[in-house]
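A quick write-up on the structure given underneath.
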Number of protein chains: 2
Amino acid sequence: MSVTARALALLSAFDERHRRLTLTELARRAGLPLATAHRLTGELLSWGALERLSPGSPYYVIGRRIWDLGLLAPVQSGLRQVASPFLHDIYAATLATVHLAVRDGDEVLYVDRLSGHQSVPVVSEIGSRLPLHCTGVGKVLLAHAPADVQRRVLGDLRRITPYTITQPGRLSAQLERTRREGYAQTVEEMSLGGCSVAVPIRRPTTGKVEVVAALGLVVPTLKRDKPRLVAALQVAAEGISRSLP
Amino acid sequence: MSVTARALALLSAFDERHRRLTLTELARRAGLPLATAHRLTGELLSWGALERLSPGSPYYVIGRRIWDLGLLAPVQSGLRQVASPFLHDIYAATLATVHLAVRDGDEVLYVDRLSGHQSVPVVSEIGSRLPLHCTGVGKVLLAHAPADVQRRVLGDLRRITPYTITQPGRLSAQLERTRREGYAQTVEEMSLGGCSVAVPIRRPTTGKVEVVAALGLVVPTLKRDKPRLVAALQVAAEGISRSLP
DNA sequence: CCCCGATTTCCGCTGAACGGAAGTCTCGCC
DNA sequence: GGCGAGACTTCCGTTCAGCGGAAATCGGGG
């Protein structure tokens, strides 16, 4: 194992459930001897990749320097920045939870999320990953994913709620419909009491148009005004597409 | 220079003006021999700290893994997440550009920013740093900063616009007023055509109350409804304070 | 005061990282 | 299509930076 790999192993020890770690935990989770972890931690600390939770605290946390760097990642700097004003406009118009997501392998990666106090509580956080088959944005991304991704995902439809679609044939038909009609929807397939609609964001590259992201929103029920919501999303998606770098 | 430091030097080569770099640029900016840079980028690549802009492209960019990690930083995961719904509520009520910022050394670090299409264009981006003496949130943070920070900043008041305050005495008086009245304002001191108000976000820690962040908004003019804007900010700041972890 | 677990420092051995140099790829230009 | 310049990748012998066991230090609870 190379030095860099060790340093990266230390950083990997942090996750959503472990945002603060002591030296000992850090060493154990990274699989490194204490003395080694201590030395490496020192270097990361002096560079700002790690910080102490507060001065003198025994807890290490991810540092601002890493946060800074992360903001330069293309997933964030291009798409998210362009989309941001559109998301806010949608939010102001609907007060629903608004999601911006991309596909990362066989999962949905949430790139941005807006929600105020009136919104339905949802599980997604910025940076979290969820299955492709049971969320609005997931279905949109899946419908436009390469064949091998679709094959893998259709072959492993985990049930999340009683309404999650677990029959490949049924989901497959929905994906077809999503492509035809230009939007996807879910009804309590990810969490009870939450319904969603979502539309694709396309980027006209040379030669072909590809779907680079999905834009969706979560509401308590779709009964009332699905057409209005879909229309709002499509206007925004269109605007985002035109502003993409 | 240690190995870790070299790897980190490579990552530091990226900044807002250089979001994509070729191997050669990367090596030059990090001050490393080409062969060394090549080996290290290989490791960073395989771990996901770096990615190629698109498969086969000669450009390196910051990877998703770093973005993921950055989201675990306390600046983001604690403060920002709690504040987010409040910011959206303010935005929905005012349609102004809303800022959430902390002090990072002798600068303001913008942690979150909302702006829609109706908002005044502003220079700040999420993750960007600006001087403490000429922005609304900056003045709030400066007013509650340790004496040595105040001394350094008051000793180096760079002029940004014709309205920037560059006399230490005048700024000092404003800081005093900010502490007394509970809010700060600027009038075209950072950019022409932009005025701002801002309030502190306090955290009641054991023993003393400390100012951990500032909440502000930017509007074309303060004439009309400053009291209303300040009130809206104060309600939100109060709410955020109470929800802080 | 003493104990125990966590953290920090020390230091001699060693193998992983270093980087010059040589080989390969990829353009653009003639 | 051949040639040259620049960018990228691979190789490999040397060496020194990192390794980690062990010992010292810290700190809080009994």
Side-chain angles (χ1 to χ4, degrees), chain A residues 1-15 17-63 65-66 72-74 205-207, chain B residues 1-15 17-63 65-66 72-74 205-207:
Chain A
M1 188 192 255
S2 72
V3 188
T4 316
R6 283 167 211 259
L8 297 175
L10 278 176
L11 294 178
S12 302
F14 293 89
D15 62 30
R17 310 190 48 73
H18 302 87
R19 292 164 188 269
R20 56 181 68 175
L21 297 169
T22 64
L23 180 61
T24 313
E25 292 171 318
L26 211 42
R28 187 165 32 74
R29 287 176 59 84
L32 296 177
L34 208 60
T36 305
H38 180 255
R39 185 166 29 78
L40 289 176
T41 312
E43 290 194 50
L44 294 172
L45 217 45
S46 76
W47 187 73
L50 292 180
E51 290 173 15
R52 314 215 80 127
L53 181 53
S54 53
S57 158
Y59 284 107
Y60 290 88
V61 295
I62 297 289
R65 197 81 183 254
I66 295 280
L72 300 175
T205 350
T206 48
Chain B
M1 188 192 258
S2 74
V3 188
T4 315
R6 283 165 213 260
L8 297 175
L10 278 175
L11 294 178
S12 302
F14 293 88
D15 63 30
R17 310 191 47 74
H18 303 87
R19 291 165 188 270
R20 56 181 69 175
L21 296 169
T22 63
L23 180 61
T24 312
E25 291 171 317
L26 211 41
R28 186 166 31 76
R29 287 176 59 86
L32 297 176
L34 205 60
T36 304
H38 180 255
R39 184 168 28 79
L40 288 176
T41 47
E43 288 192 52
L44 293 171
L45 217 47
S46 77
W47 186 74
L50 292 180
E51 291 174 14
R52 314 214 80 127
L53 182 53
S54 54
S57 156
Y59 284 105
Y60 290 89
V61 294
I62 297 289
R65 196 82 183 254
I66 294 282
L72 300 175
T205 349
T206 50

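Throughout, protein chains are lettered first and strands after them, A, B, ... in sequence-line order, and every chain is numbered starting at 1.
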Look at the side-chain N and O atoms of [X] and state whether any lies under 4.0 Å from the OP1 or OP2 oxygen of [N].
X	N	value
B/Thr24	D/dA7	no
A/His38	C/dT7	no
B/Ser2	D/dA17	no

Task: Heavy-atom check, side chain of A/His18 versus side chain of A/Asp15, under 4.5 Å - done: yes
Open item on the list: Any heavy-atom pair between the side chains of B/Leu26 and B/Leu32 that's under 4.5 Å?
Closed with: no
TODO: Heavy atoms only: give me the nearest B/Glu25-B/Tyr59 pair and the separation to one decimal.
DONE: OE1-CE2, 4.4 Å
How long is the line joining [atom1] of [X] and [atom2] of [N], in whole Å?
X	N	atom1	atom2	value
A/Leu34	C/dC10	CG	C1'	15 Å
B/Arg39	C/dG20	CZ	C1'	13 Å
A/Glu43	D/dC19	CD	C1'	13 Å
B/Arg29	D/dA7	CZ	P	16 Å
A/Leu21	C/dT7	CG	C1'	16 Å
B/Leu23	C/dT24	CG	P	19 Å
B/Arg52	D/dT9	CZ	C1'	11 Å
A/Leu45	C/dT7	CG	P	13 Å

Could you please name the option among [options] that lies closest to any side-chain atom of [X]?
X	options	result
B/Thr22	D/dC19, D/dC8, D/dT10	D/dC8
A/Pro58	C/dT7, C/dT8, D/dG20	C/dT7
B/Val3	C/dG19, D/dA17, D/dG20	D/dA17

Task: A/Arg20 side chain to A/Tyr60 side chain, donor-acceptor N/O pair below 3.5 angstrom - done: no
TODO: Verify the neighbour count for atom CZ of A/Arg29: are there more than 12 heavy atoms of other residues, nucleotides or ligands below 6.0 Å?
DONE: yes
- [ ] Would you mind classifying the nucleic acid contact of A/Arg6 as base, sugar-phosphate or nothing, using non-hydrogen atoms under 4.0 angstrom?
- [x] sugar-phosphate
TODO: May I ask you to say what A/Leu32 touches in the nucleic acid, namely base, sugar-phosphate or nothing, with a heavy-atom cut-off under 4.0 Å?
DONE: nothing
TODO: Could you pick out which residue, A/Thr4 or A/Glu25, lies toward the 5' side of DNA chain C when each is mapped onto its nearest nucleotide?
DONE: A/Glu25
